Amino acid sequence: MDKAYNPESFESRIYGWWEKSGCFKADDASDKPPFMIAMPPPNVTGALHNGHALTVTIEDALTRWKRMCGFNALWMPGTDHAGIATQMVVERELAKDGLSRHKLGREAFIQKVWEWKEKYGNIITTQLRRLGASPDWSRERFTMDSGLSLAVREVFVSLYEQGLLYRGARIINWCFRCHTALSDLEVVPTERKGHFWHVKYVLSDGSGELVIATTRPETLLGDTAVAVHPEDERYKKLVGEKVRLPLLDREIPIIADAYVDREFGSGALKITPGHDFNDNEIGKRHNLSVINLFDKEGRVNEHGGPYKGRTIAEAREKIVADLIARGLLVRTEDHAHSVGVCQRCERVVEPTVSDQWFVNVKPLAEKAIAAVKLGEKLSLAEVDAREDAIKLVPEGWVNTYYQWMENIRDWCVSRQLWWGHQIPAWYCDKCGHITVSRTDVTKCGKCGSIGVKQDPDVLDTWFSSSLWPFSTLGWPEKTKALETFYPTAVMETGFDILFFWVARMIMMGLHFNGGRAPFKRVYLHAMVRDEKGQKMSKTKGNVIDPLDIIRDFGADAFRFTLSAMAGQGRDVKLSFDRIGGYKAFCNKLWNASRYVLMRLGYVTAEGLAPQPRTDFTALTGGKPLGEWISARRAKLHPVNAWILECFEAAAETVHRGFEEFRLNEAANEVFTFVWNEYCDWYIEFSKSLLESPATADETKVCMLYVLEQTLALAHPLIPFVTEEIFQHLPPRHGVREKEPLMLRPYPVAKRAAPTHASQLVGLWKNSIEALRAFRGENGIAPKARPKVTFEAADAAHAKDFQAGVLYIKAIAQLESLEPESGKLKGDSAAAEILSEGVKFYVPLAGLVDVSGEKKRLEKEKADALKDIEHVKNKLAKETFISKAPKELVDKEREKLAGFAAKLAEIERAISKLQKVAAN
RNA sequence: UGGAGUGUAGCUCAGCGGGAGAGCAUCCCCUUGACACGGGGAAGGUCGUAGGUUCAAUCCCUAUCACUCCAACCA
């Protein structure tokens, strides 16, 4: 083993070994309990970002944990074809060569996209491997592979047959750059600066006028009414009258609708049902006609009269100019408002009425609401035990989820793209009938004409993703995999795709699997931000590339950082300092292991006498380490018993952390155990224990066993370094040669009541700390080896301390530590150090500056006085004595007595010192 | 407008009814035989603010301020 932890030297080697030996594979026919996570399929166009890294960290940790716990763990990987995104990328490539998809034609273009996908589509999965992800790659799926396409068709046709999917003209969001319809979710409301134009609409009979404010004056060409509030006194009498539409001179009615806000603008609203969602609703209520103003390229069509052929921007400009010319523009204000922008290209989208395919999701949503409502009432364990309930974690998301689900609108699923699942509907040239079919159609289902053409549009990418948890398992075939793994255990993803993906998976999963949910738990992780808490973005230039982090710190340090910072409901603020700190942790674990292996003779270091190799197969008499220890647990040396207890307590906490999606708790526990217990104390104690023949053997076994178990405990979080170290451990029973740690059993969680052993070790640790503090605060040279005596408070303590003298002496670096004979106690030139149940005497001569020691004691005195006052105040309250639990009152009284005794000791020590100072 | 969350040491965060914790940063000492990606010591906090419940509140309740996120609206 190298002296320093160097992740680059082994991470890729270890990964290759795991993958080659089939460690990631799940088994359809296993009799182990199933556990499945469907990995959110990254876009084929994607490059690894920190969101992926967080996803992988959490899901891989959960999968590895469950796998080691004896589950048939399947982490299902795959990629998403990402319709618009991928098509745009390939079109951009083509543009470089002066080509376009239209020049190429549909078939050739799709061919090109497939070629692009073959070439670049697995970059992202390669990157996931660098993080140590352990999905079953042999099952990797792609949303457009044949099996998944079959599932898509099955769902489309079934929904159609059930009357839940239809084609119709509805108002949708249209992007003029991407030339496609978008769902509500793909439109991002964005704050933009604009204007507020106040326009005069003159009454037809010339008796007056209305002023109407608008941010989109060009849409007035499509107005079919003006609406006022029915209760608005100003306009009440005008309802039923008509106004002349400015510029076009069309006559339109004034209608009354409670939607209008009297306070806003002039209180009169122009109604454009063709290009505004709310106006469209109002139009339906009042039977208004719908005018579609723009062609697919975003130019004004024949309904725009003289403005025909202009783009939206041009039309707006001209219309404003014309309004001014005719004196119809009352005034213009600056106005910041939010407009819908295309998620992909950021261009302002236009609500437009268009023929599209829609899914009537309302009935599906009701079931989806019920499943989550049920989950809300149940505990995690109860949800796990059934198939119809879903638990959202953190639970705060449920309200948002209900609100969205309750107000859900029909889902526009058709996209005017070429890359995606082409819609399985065929139109008859002759009779116009639409044939929707699972298999390709060559003649009309109604008139039998062979003049049929398939719908050129494709489905929304999220349509296929919504089937992911079951389509990847072979659905609609009744596969063994589906039977084994559905419903999946956990859906883990970012909250930003709760509606895009999670909600739709729930709806589809329940609907197509007989009311069985696609997953039992949903864990929504937070956002990864930069260290100032800002969103990472290319424009801000604060993007941290995960691959750079892995290169500089190693995948384990990165994963450990993400785990440690991924508290529920809190964003992850990535900072290099923190990652560096966790790299130091990996180094610590590495070196602690080196220490163990050196002591056992399996690692030799420069300048160090080689130790003989410990033969564990002989030492443990053919038993695995754990069994050997269990058999003599009660007789172990207190230090060995103590570290085992510590480990068991840590294991329990780590289990709970994983169980409740609190990876930060798991990570912190691992960190604290390894560093603050195993390294800071156990290893220090072991140095003495290994010296003594009475304790050497059992210490070797315990040291190795706890290390081995610790590696297992930490493995889901830091898989590489733990595996690498594990492979260096000496041969022993119960572990096959070259057995991968990742397939070893996970440490069992059980926390026993602390025994006398931990109490003893606790006392020794306290003593050592008191002695160290004395040294530190008095500036005693590190090389000095004082001769110290001790005096215990009572016989029991005396015995306990006597048992620890050897270790206290060694760790506190003392020349000697012996029971006080009365000599130093009476010596005014000896310092007194108080610790729990014991007092130490240190000769001051040549060691300590008396004034410094006095200062230390004065501080202790002040602390003691504060303690006493605090407890006294508490005990002075009659209500406390009478109402607080009796044990607590007794405890406080004991505390007071203890503090008082301590104070007396301190005061005595001080007065003693004063004598010295006086001399 | 509605919903959720967060305000604790200089920074990043744990804790959540019985006297405030960690990591990093700071200061002092140490190249001690695992580790300077290290060891030892120290300093640092009216736990956002104001009320209330309780014998007891950083923790529970109410109000308030600040920030963040989600959803809706935005003529």
Side-chain angles (χ1 to χ4, degrees), chain A residues 1 3-5 189 196-198 212-216 219 227 259-261 264-272 276 278-279 335-339 394-404 407 495-496 498-499 526-527 529 531 533 553 557 564-565 567-571 573-575 577-578 580-599 603 605 607-609 664-665 668 671-672 675-676 679-680 683-684 687 769 772-783 813 866-867 870-871 874 877-885 888-889 891-892 895:
Chain A
M1 278 176 92
K3 186 175 173 189
Y5 162 69
F196 220 5
W197 286 278
H198 296 258
I212 292 172
T214 180
T215 55
R216 297 191 299 159
T219 62
Y259 169 78
V260 181
D261 179 354
F264 198 91
S266 64
L269 172 62
K270 62 193 273 310
I271 303 298
T272 321
D276 183 283
N278 292 310
D279 291 8
H335 183 64
H337 61 132
S338 106
V339 292
E395 210 139 39
W397 285 105
V398 294
N399 286 334
T400 315
Y401 172 86
Y402 296 144
Q403 196 190 351
W404 188 79
N407 299 312
F495 62 78
D496 50 326
L498 175 59
F499 303 129
M527 218 74 169
R529 296 168 177 279
E531 60 189 316
F553 299 94
M565 303 195 70
Q568 279 179 23
R570 214 185 248 277
D571 285 339
K573 289 184 202 161
L574 261 194
S575 87
D577 282 350
R578 199 71 187 252
Y582 288 123
K583 188 187 174 196
F585 171 72
C586 293
N587 182 58
K588 189 75 180 173
L589 180 61
W590 180 266
N591 277 291
S593 308
R594 269 181 78 236
Y595 164 82
V596 171
L597 293 174
M598 281 177 185
R599 290 294 169 145
V603 161
L608 201 70
N664 56 329
E665 281 181 16
N668 282 327
F671 185 97
T672 314
W675 205 312
N676 302 126
C679 293
D680 284 353
I683 284 185
E684 293 310 319
K687 289 172 184 171
E769 280 174 338
R772 277 174 175 168
F774 171 79
R775 296 183 72 124
E777 286 174 60
N778 279 307
I780 294 176
K783 284 188 178 133
Q813 312 219 52
K866 235 169 77 187
D867 289 342
H870 188 265
V871 182
K874 214 166 186 178
K877 279 197 199 146
E878 201 281 316
T879 44
F880 174 73
I881 309 284
S882 58
K883 292 205 174 175
L888 192 77
V889 178
K891 228 171 89 189
E892 291 296 319
K895 259 158 86 180

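Because the structure is predicted, anything quoted here is derived from the model rather than measured.
- A:Tyr582 comes within 4.0 angstrom of nothing in the nucleic acid, heavy atoms only.
- Regarding contacts with the backbone of B:G19, a side-chain N or O of A:Lys874 is found under 4.0 angstrom from either OP1 or OP2.
- For A:Asp571 and B:U6, the CG to P distance is 12 Å, given to the nearest whole Å.
- Whole-Å rounding puts the A:Asn587 CG to B:C37 C1' distance at 4 Å.
- The shortest side-chain heavy-atom distance between A:Arg772 and A:Gln813 does not fall under the 4.5 Å cut-off.
- With a 3.5 Å ceiling on both atom-pair distances, the Watson-Crick or G-U wobble partner of B:A42 is B:U26.
- With a cut-off of 3.5 Å on both pairing distances, B:G33 has no Watson-Crick or G-U wobble partner at all.
- In this structure, A:Trp397 has its ring center no closer than 6.0 Å to that of A:Tyr401.
- Residue contacts shown for A:Cys679 include a base, since a base heavy atom lies under 4.0 Å away.
- Listed by chain and residue number, A:Asn676 satisfy the side-chain contact (heavy atoms from CB on, under 4.5 Å) test with A:Thr672 (two or more places apart in sequence, or in another chain).
- Contact check, A:Lys573 against B:C13: a side-chain N or O comes under 4.0 Å of OP1 or OP2.
- In this model, the phosphate group of B:A34 is approached by a side-chain N or O of A:Arg599 to a distance below 4.0 Å at OP1 or OP2.
- Contacts of A:Asn407 with the nucleic acid, taken as non-hydrogen atoms under 4.0 Å apart, are absent.
- Taking the charged nitrogens against the carboxylate oxygens, A:Lys895 and A:Glu892 do have a contact shorter than 4.0 Å, which makes a salt bridge.
- Between the side chain of A:Lys588 and the base of B:C37, no donor-acceptor pair of N or O atoms lies under 3.5 Å.
- Separating the C1' atom of B:G19 from that of B:A34 is a span of 38 Å, rounded to the nearest Å.
- As rounded to the nearest Å, B:G41 and B:U53 have C1' atoms that lie 43 Å from one another.
- When Watson-Crick and G-U wobble pairs are counted only if both distances are under 3.5 Å, B:U64 pairs with B:G48.
- Under the Watson-Crick and G-U wobble criteria, each requiring two contacts below 3.5 Å, nucleotide B:A56 is left unpaired.
- Comparing B:G10 with B:A43, their P atoms sit 15 Å apart, to the nearest whole Å.
- Take A:His870 and apply the side-chain contact (heavy atoms from CB on, under 4.5 Å) test, not counting sequence neighbours, and it matches no residue.
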Pairs: protein N or O with nucleotides 70-74 of chain B N or O, under 3.5 Å:
residue: B:C74; atom: OP1; partner: A:Tyr259; partner atom: OH; Å: 2.0
residue: B:C74; atom: OP1; partner: A:Asn278; partner atom: ND2; Å: 2.5
residue: B:C74; atom: OP2; partner: A:Asn278; partner atom: ND2; Å: 2.9
residue: B:C74; atom: N3; partner: A:Ser338; partner atom: OG; Å: 3.0
residue: B:C74; atom: N4; partner: A:Ser338; partner atom: OG; Å: 2.1

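- Distance noted for atom C1' between B:C28 and B:U68: 40 Å (whole Å).
- For the pair A:Gln813 CD and B:G33 P, the computed distance is 11 Å after rounding to whole Å.
- Taking atom P in both B:A50 and B:C65, one finds a spacing of 15 Å when rounded to whole Å.
- If you measure from atom CE of A:Met565 to atom P of B:A14, you get 8 Å, rounded to the nearest angstrom.
- Under 3.5 Å, the side chains of A:Lys573 and A:Ser575 contain no donor-acceptor pair of N or O atoms.
- Side-chain nitrogen and oxygen atoms of A:Lys687 include at least one within less than 4.0 Å of the OP1 or OP2 phosphate oxygen of B:A34.
- Searching all strands for a Watson-Crick or G-U wobble partner of B:C13 with both distances below 3.5 Å returns B:G21.
- Counting non-hydrogen atoms under 4.0 angstrom, A:Ile683 reaches a base of the nucleic acid.
- Across the P atoms, B:A14 and B:U26 are found 24 Å apart, a figure rounded to whole Å.
- Partner assigned to B:C73 is none, using Watson-Crick or G-U wobble distances below 3.5 angstrom.
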message: Using side chain to side chain donor-acceptor pair (under 3.5 Å), reason through A:Asn668 and A:Asn664 one step at a time and then give a plain yes or no.
response: CA-CA 6 Å; A:Asn668 282 327; A:Asn664 56 329; over 6 Å; no

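- Taking the six-membered ring for Trp and thresholds of 30 and 60 degrees, A:Phe499 and A:Trp404 have nearly parallel ring planes, at less than 30 degrees apart.
- Summarising the geometry, the separation between CD on A:Glu665 and P on B:C13 is reported as 16 Å, rounded to the nearest angstrom.
- A:Val889 places a side-chain heavy atom less than 4.5 Å from the side chain of A:Phe880.
- Nucleotides B:A20 and B:C13 have their C1' atoms positioned 14 Å apart, rounded to a whole Å.
- Each of B:G38, B:G41, B:C35 was ranked by its minimum atom distance to the side chain of A:Arg594; first place goes to B:C35.
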